[in-house]
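Right, one structure below, let's go through it.
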Amino acid sequence: MIAEKPKEQAKRSSAAIGEFIRDQRQQAQVSLRQLARLAGVSNPYLSQIERGMRKPSAEILQQIAKGLRISAEQLYVHAGFLEFREGNQEIVGAILADTEINERQKQVLLDIYDSFRRENEQLQAEAGHAAATATARDEAPTE
């Protein structure tokens, strides 16, 4: 199998995000012109995004998400800026949308958030296991 060239990958990614935005816009019954106005971008630029000719920045995706009233993270995932993450999507979206910190800082914050979530899940699982063991011990017949 021949590896896909980065330029081809970017083109495919642009087409995917454009198609997703168009689908979301049509489901919301919003015209291209309306969404362009809501997102603060020009009609031609939004049209180029939808047709896969341009790949929007994270900031533009955030504006489009607001216009569509959907999570910016959904657009980030479809655009290939982000892998899907578990957790509170509002928190993840807020971190990604913050213009005061750079991309590396955003990634570090998201990694810390994920590690706290995993740690808490593990503690809850251990507590559940300990409770189940104690219950089984208490219910075991005595000789």
Side-chain angles (χ1 to χ4, degrees), residues 1-140:
M1 179 176 200
I2 300 173
E4 199 173 15
K5 295 178 183 172
K7 198 172 190 178
E8 292 166 347
Q9 287 175 330
K11 196 173 190 178
R12 196 169 40 86
S13 175
S14 295
I17 186 59
E19 185 177 327
F20 181 74
I21 290 170
R22 182 183 307 113
D23 289 345
Q24 293 299 308
R25 179 178 60 75
Q26 290 171 344
Q27 286 178 18
Q29 298 180 338
V30 175
S31 72
L32 183 75
R33 187 170 304 239
Q34 289 170 319
L35 181 56
R37 185 176 40 79
L38 290 168
V41 298
S42 71
N43 274 0
Y45 182 63
L46 182 57
S47 176
Q48 289 174 347
I49 291 170
E50 285 192 358
R51 289 182 288 139
M53 297 171 69
R54 295 260 189 158
K55 185 168 184 176
S57 67
E59 184 178 323
I60 295 297
L61 287 175
Q62 180 187 11
Q63 292 170 230
I64 291 171
K66 282 182 183 178
L68 291 171
R69 295 187 176 164
I70 63 172
S71 161
E73 184 182 32
Q74 286 181 342
L75 294 182
Y76 295 151
V77 169
H78 278 84
F81 290 151
L82 177 69
E83 290 181 25
F84 178 77
R85 291 181 175 264
E86 297 294 326
N88 183 321
Q89 301 308 302
E90 295 295 320
I91 292 172
V92 173
I95 291 170
L96 291 170
D98 192 327
T99 58
E100 300 295 316
I101 58 177
N102 65 39
E103 294 306 312
R104 185 189 63 77
Q105 292 166 332
K106 290 175 187 181
Q107 189 61 51
V108 169
L109 281 174
L110 290 170
D111 289 345
I112 291 168
Y113 175 63
D114 283 343
S115 77
F116 284 151
R117 289 188 67 259
R118 283 192 304 273
E119 181 181 332
N120 289 342
E121 285 174 5
Q122 184 177 356
L123 290 172
Q124 288 174 348
E126 289 171 1
H129 178 71
T133 302
T135 301
R137 187 178 49 240
D138 292 344
E139 293 175 355

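Quick caveat: nothing in here was measured; it's all calculated off a predicted structure. Quick note: residue numbers are just sequence positions, from 1.
- Atom CD of E100 sits about 10.0 Å away from atom NZ of K106, to the nearest 0.5 Å.
- To the nearest 0.5 Å, atoms CD (E126) and CD (Q124) are separated by 11.0 Å.
- Within the 4.5 Å cutoff, the side chain of V108 has no heavy atoms near those of the Q105 side chain.
- One finds the CG atom of L46 at 10.0 Å from the CD atom of Q48 (value rounded to the nearest 0.5 Å).
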Donor-acceptor pairs under 3.5 angstrom involving side-chain atoms of residues 27-39: please list them, not counting sequence neighbours.
| unit_1 | atom_1 | unit_2 | atom_2 | d |
| --- | --- | --- | --- | --- |
| S31 | OG | Q34 | N | 3.0 |
| S31 | OG | Q34 | OE1 | 3.3 |
| Q34 | OE1 | S31 | N | 2.7 |

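- Summarising the geometry, atom CD1 belonging to I70 is positioned 7.5 Å from atom CD1 belonging to I21; distances are rounded to the nearest 0.5 Å.
- Two residues are said to be in side-chain contact when any heavy atoms from C-beta on lie closer than 4.5 Å; I49 and I60 meet this criterion.
- Sorted by first then second residue, the ring pair (Phe, Tyr, Trp, His ring centres under 6.0 Å) pairs that include residues 16-63, not counting sequence neighbours, are F20-H78.
- Atom-to-atom distance recorded for Q63:CD and L75:CG is 11.5 Å, nearest 0.5 angstrom.
- Within the structure, salt bridge (charged side-chain N to carboxylate O under 4.0 Å, His left out) contacts touching residues 39-50 (residues at least two apart or in different chains) are R22-E50, R25-E50.
- Rounding to the nearest 0.5 angstrom, the gap separating the CD1 atom in I91 from the OH atom in Y113 is 4.0 Å.
- For A65 against A72, the heavy-atom pair with the smallest separation is CB-CA, 3.6 Å.
- A side-chain donor-acceptor contact under 3.5 Å links Q107 and D111.
- Residues E19 and D23 are in side-chain contact: their nearest non-hydrogen atoms beyond the backbone lie under 4.5 Å apart.
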